[in-house]
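Heads up, the thing below is written out as structure tokens.
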Amino acid sequence: MGFTPPTPARSPVPLLPPMSTPSCVTRFAPSPSGHLHVGGARTALFCWAYAKGKGGTFLLRIEDTDQKRSSDSASVGFLKDLAWLGIGWDEGPVLGTHGGGAHGPYFQSERLDIYNRYLAQLVEAGKAYYAFDTTAELDAKRQAAKLAGHAYRYDRSEMANLPKATVDAWLAEGHPAVIRCKTPDGPITIVDEVLGEATLPAGEVDDFVIRKADGFPTYHFAVVVDDELMRVTHVLRAQEHFNNTAKHMVLQDALGFRRPIYGHLPLITNPDASKMSKRDKDKVLRKTVIDRKLTAPPQDTITQARFDAWLADKNTQLELAEASLLATGLQVTLPEINVDDFRQSGYLPEVLCNFLALNGWSPGENVEKFDTEFLKQRFDLKRVVKTPAKFDRVKLLSFNCDAITGMPREEFVARARLHGQEFHADFMKKITGAQFEQLAGASHERSKTLDEMFRTNRFFIVADELLTWDRSKNVEKALLGAEPNGLSHLKAVLPVLEACTEWSAAAIEQAITPYAAQHAEGNLGKVAQPLRIAVSGGTVSPPIFDTLAILGKASALVRIRRCIATFGG
RNA sequence: GGCCCCAUCGUCUAGCCUGGUCUAGGACACCUCCCUUUCACGGAGGUAACAGGGGUUCAAAUCCCCUUGGGGUCACCA
């Protein structure tokens, strides 16, 4: 059989008039199995940047051909994630101003008749055939091959040569059947803009399934048909798809389709080089539960039965909502995996985009900080690295910190407020608008994330009479050290504060500073720290005068009195 | 295991294609000091890498080969 190794089409034959065909069309084609993973987000970002930088089209397609794994709500989830990141799509499912387009539907599950048309065409042309092997038979052969120590390859001798009459009869009798692609014999050379050229030896690609027994096309088939029909010119996807490219090329040749340009992006992994997956959350939870020797879930988290089942079987995974509930109960933080996790943790979308782009690509010239506009203009496949990147959350945090401290105060306050309203409704309810503004203002320069102030300043929203004090070393030292210790300073400044007629940070400072000068050798810390402990219960808070001002005079005084009483006055 | 790909500080990377300008640059982390009312921020320094071995060459991080190590993939999942 005269199969020539495919080469990229030099002059593609356009399906549509040239006028309406953009020079560059990229697509992001996730399967809707949950939220958008950061790795997926990086792929989407690069696809977007590449197309937009060339004035082309970026489209989104939902690959929901796996009936078991797909759900409508899941796809909506990462549409929102993408929109939050600022990665807009020109064509695809509609969300707000994004999406639409003339090449839909953009859900593969709605394109079955299209696939069937091409499938029939292939079978008719003898380029594909029905196969009636059962899963059990196939598994046995795979197993045998493994035992024998060689790679399993599908043997077409039986099914590919079945007489048409037999095939029709079996089909009519309702035997389960798949359709396999008759892969021509010969080596296949993949040309990749990132990885270069790679040739798979003959026999590496066997007769793979293109339609499943349930009537749905496999990923390989749907991708090839859709990329052609949606006139995709550049396929940018994760490196795990590299070997699949050969299958896609076989299909393109069989169907007479154009060949898009390929670029396979390096993977993003955990710092220990393991795959980043939501499994990592389960791992953290399991370790905590085992370390603490817990036999029951914390109150108000998950049921005992669910807990037992999860703990008994390492392969059981908690749902996202269950996991975060349990994490809250155990007071552990889960590793961020999905875009939404980073949003909840208070990362800025523009920072996440910036940092993600740096994993696998760099503009050179020692430039690290840039926005998506810059990325759009500068991104190119030549500078994409070939090696997998370990995702460094610490560096991301540093970038986030820089961005936050670098933004105008009003912007921080506004963005923190939005974050609070979404993720810390309880906090926002217990604090007035003015108080929040003051707190956010005071937290601005010490915030690494939008979330931090809500976690470290919970003392603001507890009732004065319910505040408790840490009994840590630092607290004891500050309050009960050698005389004159913190406690005596507290007793002494109390009347000073009571005498304050104006209760602003500046006014309080004016009252306290002279006291410190006189009674603490001008060492403000000797007075500030006990005050901080008294009103916050711990050793960390925004600057003390701000803290007192935000709390209000009444609250502050009650807390100080209670503290004195608690620590023995 | 077969096949494919890859290999620069702890990490992300620049440099490699078109050998000399590399006593290998930046960033994060780390260490030291300074600043400081806590926590942060900030400022000044510092430690730290061309996986190993052969070639080619006047000259190799840069080109070639081998070894080792890492990753991907081998589904009626995508």
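For clarity, every value in this text was computed on a predicted model and none was experimentally measured. Quick note on labels: first sequence line is chain A, next is B, and so on, each numbered from 1.
For the pair A:Ser398 and A:Val540, both in contact range of RNA chain B, the more 5′-proximal nearest nucleotide belongs to A:Ser398. Comparing A:Arg383 and A:Thr199 against RNA chain B, the residue whose closest nucleotide sits nearer the 5' end is A:Thr199.
Rounded to the nearest Å, the gap between the C1' atom of B:rC9 and that of B:rG15 is 14 Å. Spacing between B:rC41 and B:rC35 at atom C1', rounded to whole Å, works out to 11 Å.
With its glycosidic angle within 90° of 0, B:rC41 adopts the syn conformation.
Base pairing of B:rU32: its partner is B:rA44, meeting the Watson-Crick or G-U wobble criterion (both donor-acceptor distances under 3.5 Å). B:rU23 is unpaired under the Watson-Crick or G-U wobble criterion, no partner having all donor-acceptor distances under 3.5 Å.
Just one residue in the list A:Ile533, A:Val527, A:Leu531 forms a side chain to side chain contact (heavy atoms under 4.5 Å, CB included) with A:Leu490, and that residue is A:Leu531.
Residue contacts for A:Arg142: at a heavy-atom cut-off of 4.0 Å it reaches the sugar-phosphate backbone alone, with no base atom in range. A:His220 comes within contact range of at least one nucleobase, with a heavy-atom separation under 4.0 Å.
In this model, no side-chain donor or acceptor of A:Lys395 finds a partner on the base of B:rA29 within 3.5 Å. The base of B:rA27 is not paired with the side chain of A:Asn366 by any donor and acceptor separated by under 3.5 Å.
Contact detail for A:Arg378 and A:Pro363: the closest heavy-atom pair is NH2-O, 3.6 Å.
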Legend entry - From CA spacing to verdict: salt bridge (charged side-chain N to carboxylate O under 4.0 Å, His left out), A:Glu63, A:Arg61: CA-CA 6 Å; A:Glu63 312 230 316; A:Arg61 182 175 70 223; 3.0 Å; yes

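As a whole-Å value, the separation of A:Arg532 CZ from B:rU36 P is 16 Å.
For NZ of A:Lys275, the number of neighbouring non-hydrogen atoms (other residues, nucleotides, ligands) closer than 6.0 Å is 12 at most.
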